[in-house]
Protein chains: 2
Amino acid sequence: MIEQEQEDVASAQIAAVRAFNRFYTRQIGALSEGLLDSTFSLTEARILYELAHRDGLTASLLARALEIDAGYLSRCLRKLEDRGLLVRQKSDTDQRQSVLALTGRGREEFAPLESGADAEVSKLLSRFVESERRRLVEAMRTVRAVLGPDEDAAAPYLLRAPEPGDLGFIIHRQARLYHDDYGLDQRFEGLIAGIVSAFVDTFDPARERAWVAERHGAVVGSIFCMKASDTTARLRLLYVEPSARGLGIGRRLVEEVIRFARAKNYQALTLWTNDVLDSARRIYEAAGFVLVEEENHHSFGQDLVGQNWTLAL
Amino acid sequence: MIEQEQEDVASAQIAAVRAFNRFYTRQIGALSEGLLDSTFSLTEARILYELAHRDGLTASLLARALEIDAGYLSRCLRKLEDRGLLVRQKSDTDQRQSVLALTGRGREEFAPLESGADAEVSKLLSRFVESERRRLVEAMRTVRAVLGPDEDAAAPYLLRAPEPGDLGFIIHRQARLYHDDYGLDQRFEGLIAGIVSAFVDTFDPARERAWVAERHGAVVGSIFCMKASDTTARLRLLYVEPSARGLGIGRRLVEEVIRFARAKNYQALTLWTNDVLDSARRIYEAAGFVLVEEENHHSFGQDLVGQNWTLAL
DNA sequence: TAAAGTAATTGCCAAAGTCAATTATTTGAT
DNA sequence: ATCAAATAATTGACTTTGGCAATTACTTTA
C-alpha cells in the first residue's frame, strides 16, 4: 500500500454512499415530476421556495444557496418579475444589489405548488407504517446532520402532557437506549412498563403529572412526577433522546417537576437512579438534589449502583 | 381493527422529507460536479455506470431503470456508439431490441470517471470520523431500505422474539391505534403496559413466549402466549399494523401461539377481546376459537362488549 | 390472423443551463 | 485619498438537455 495523505475510507462505505446517490437521483427525479404540469420549472420552484421561506435574499445569495449560475438566475428572476410574482428593491447598503421579495401574487401562485409537493410526499409516506416513516425521517435527519451544517441545533422544543401512545413510546425508547448504552435487558423494560402501568392505574390528577418533550413533532424526552406519600413526591422516568441532548431539555424537565411538586405542597422530592447515568446525575446535582443512599445491586443483567437522591422543597 | 386506506401522515414528517429532498438536490449537484471536466454528461455517466455494472441491458430496460426518455436515450446511445464505447447486438429472442455492451475502450474511458467519483466521495467522507461515517452509511441504507425495493405489497415478513425496546413499542402502537380507531384513552395504554410488565415479571421461558412480526426492519405486529394456569394458556396483545394487514400476519401469529400452546401441553387456550375488533374476531373464529362469554363494560372512556373465547387443544 | 402492444428511432422543438463580456459599485492596499 | 481588485448583476451568444409525437419494425394476444 502506498501512503495516503487522507485517512483510508473503507471502499464499502464509498460504494454505499455512491449507491445512495444514484438511488436518490432517481428518487428526486420522481418527486419533481409533480412540477411538470405546473407553470414553473424545477429551478423556478426552488427559487420561489427560498424566497417564500427566507427574507432579505439577494440574487447572489440565492445563486450561492441554490448553486445556480448567476446569469441564468438573473434571467429566471426577470421572468418571475415580469409575471408579477416578485419585486426587487435596491439595497440601501449596497447600490449594486437588490433585495428580492415575493409579491402577494407570488405567494398565491406558489401556494398550490407547496401543497402539491406536500400531497405528493404524503402519498409517498402513506405507503409505509408509522414506524417505517419514523425510521425514514430519522435517517434523513441523520444524513443531513452529518453532511450538512447543523442549522437544526437551535430548533425549538415544547413540553406537553403525554397523548395516547406516548407512554408506550417512552418505554420503548428508554428500554432501547439503556440496552444499547448499558446492556440492560428486557427486565428493565418490564420495570418501566410497570411504573407506567402503576402511574395510569393510580393516577391522581391533583398531585401527579407527566410531561413529554416534543421536537420536530417527535417525542424526544419525558419525565414523571408521582406521589410517594402525602408529603413526598417521586421524580421518575427522566430521559432525553441522544439526538436532542445539549439543548437543556433534561434540565427543563426536572425544573418543571420541581415547580409542580412545590405548587402541590409536597415537602420533598426523591428519585432513584443509577451511578452510570452521568448526565442525569449532573442535572440532579445542579437542581439541588442530594445523594442520600447508594446500594450495589445486580439487576437487568448488569452490576449496578443504585442511588437515592432527595430534594427538600 | 378496521382497515384504513390511508393513514394520516404527520405534517412534520412531510416537512422533514421535503427538507431532505431540497438538501440532497444540492448535495447531488455538488457531487456530480466532478463530471464537468470529463467528456461525459451526468446522464451519459449514469448510462455508462449501468452498462458497466449490469449485463444484458437493452435500451428499454435502461430507459426504465434510469427513468430517461426513450428518444433521448436512443440519441445518447448512438453518440456513445459513434465514439466506439459501446456495441449493440441484435437480440436473438426479439428482433426489435438490441443487447447493449461496453467495448473495451468504453470500459477504459469510463474507469477514470469511476475512480474520480470514488475519490470525490472518499474526500467527502474523510472529513468525518469513522463513527460519523458509519452513522451516515447506516442512515443512507435505512432511507434506501424504506423507500427502495418496496413495490410489492407482498413483501416478506418474519416472526422473531422481541428485543429490548420492542415491548414498549408494542404498547405504544396498540395504544395509538385503539385510540385513533375506537377512542380508547390512556387507561387502555396503562392496561397493556401492566400486561407487558406482568409478562416480564413472571416470565416462564418454558411455558410462555412472545413474537413480533418484522417487515422492512420494522415491527408490524405482535402476539403473546402467557400462562393462565398449568393447563390453560392465554393469548394476548395481538395486533397488526394497518398497512401490514391483508398479508396473513395476524393469522400466522395466532397459529404460532396455538402451535406453541400444543407443544407445551396446555389443554386450552383462552383470550379476551372486544366485539368491535372485527378482523381479529374473524381470525379467532377461523382458528377454531369459540365464544364462551360476553359482558358489557365501560372502560377506557368507551362502552364496550368484552368477549372471552376459548380453544380446546 | 388482425389488432394491440412493445422496442427503437427520428424530427422537431423548447427549456435549461453555460460562458464570457460588460457595467456599476464596493473593498482593500498602499 | 486613490487606484487596482473584487463583487453584484446583467446581457448576448451559445450548447446541451430532454420532452413529445410520429414512424417503423417487430411480438404478443384475442
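A note on names: the letters A, B, ... follow the listed sequences, proteins ahead of strands, and every chain is numbered from 1. Only a predicted model underlies this, so the values are computations on that prediction, with no experimental measurement involved.
- As a whole-Å value, the separation of A/R46 CZ from C/dG17 C1' is 13 Å.
- Residues from residues 69-94 of chain A lying near DNA chain D, meaning a heavy-atom separation below 4.0 Å, are A/A70, A/G71, A/S74, A/R75, A/R78, A/R88 in numerical order.
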Start with the C-alpha gap between B/L100 and B/I47, add the side-chain angles, then the distance that decides, and say whether side-chain contact (heavy atoms from CB on, under 4.5 Å) holds.
CA-CA 11 Å; B/L100 308 167; B/I47 293 169; over 6 Å; no

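- Here the closest heavy-atom approach between residue B/L86 and residue B/L77 is recorded as CD2-O, 3.7 Å.
- For B/R105, the side-chain hydrogen bond (donor to acceptor under 3.5 Å, both in side chains) partners at least two apart in sequence or on another chain are B/E109.
- Atom CG in A/L100 sits about 14 Å away from atom C1' in D/dT10, given to the nearest Å.
- B/S41 has a side-chain polar atom (N or O) that falls below the 4.0 Å cut-off from OP1 or OP2 of D/dT17.
- Comparing A/E44 and B/T58, the nucleotide of DNA chain C nearest to each residue sits closer to the 5' end for B/T58.
- Taking the six-membered ring where tryptophan is involved, the planes of B/F20 and B/F23 are tilted, since the angle between them lies from 30° to 60°.
- Taking side-chain N and O atoms only, A/S60 has a distance below 4.0 Å to OP1 or OP2 of D/dA9.
- Terminal axes of the helix from C/dT1-D/dA30 to C/dT30-D/dA1 (five pairs each, C1' rotation axis) are separated by 40°, to the nearest 10°.
- Between the side chains of B/H53 and B/E114, at least one donor-acceptor pair of N or O atoms lies under 3.5 Å.
- The base of D/dT7 lies close enough to the side chain of A/R96 for a donor and an acceptor atom to sit less than 3.5 Å apart.
- A donor-acceptor contact closer than 3.5 angstrom links the side chains of A/R83 and A/T39.
- When rounded to the nearest whole Å, the span between CD of A/Q95 and P of C/dT27 equals 11 Å.
- One interatomic measurement links the two molecules: CG of A/L42 to P of C/dA16, which rounds to 9 Å at whole-angstrom precision.
- At whole-Å resolution of the value, CD1 in A/I68 and P in C/dA15 are 18 Å apart.
- The backbone N or O of A/V240 sits less than 3.5 Å from a side-chain atom of A/R245, completing a donor-acceptor pair.
- Ring centroids of A/Y49 and A/F40 are separated by 6.0 Å or more, keeping the two rings apart.
- Distance A/L57 CG to D/dA8 P: 14 Å, rounded to the nearest Å.
- The nearest whole Å value for the distance from the CG atom in B/L62 to the P atom in C/dT9 is 12 Å.
- For A/S98, no side-chain nitrogen or oxygen approaches OP1 or OP2 of D/dA9 to under 4.0 Å.
- Between the B/R173 side chain and the B/E241 main chain, no donor and acceptor come within less than 3.5 Å of each other.
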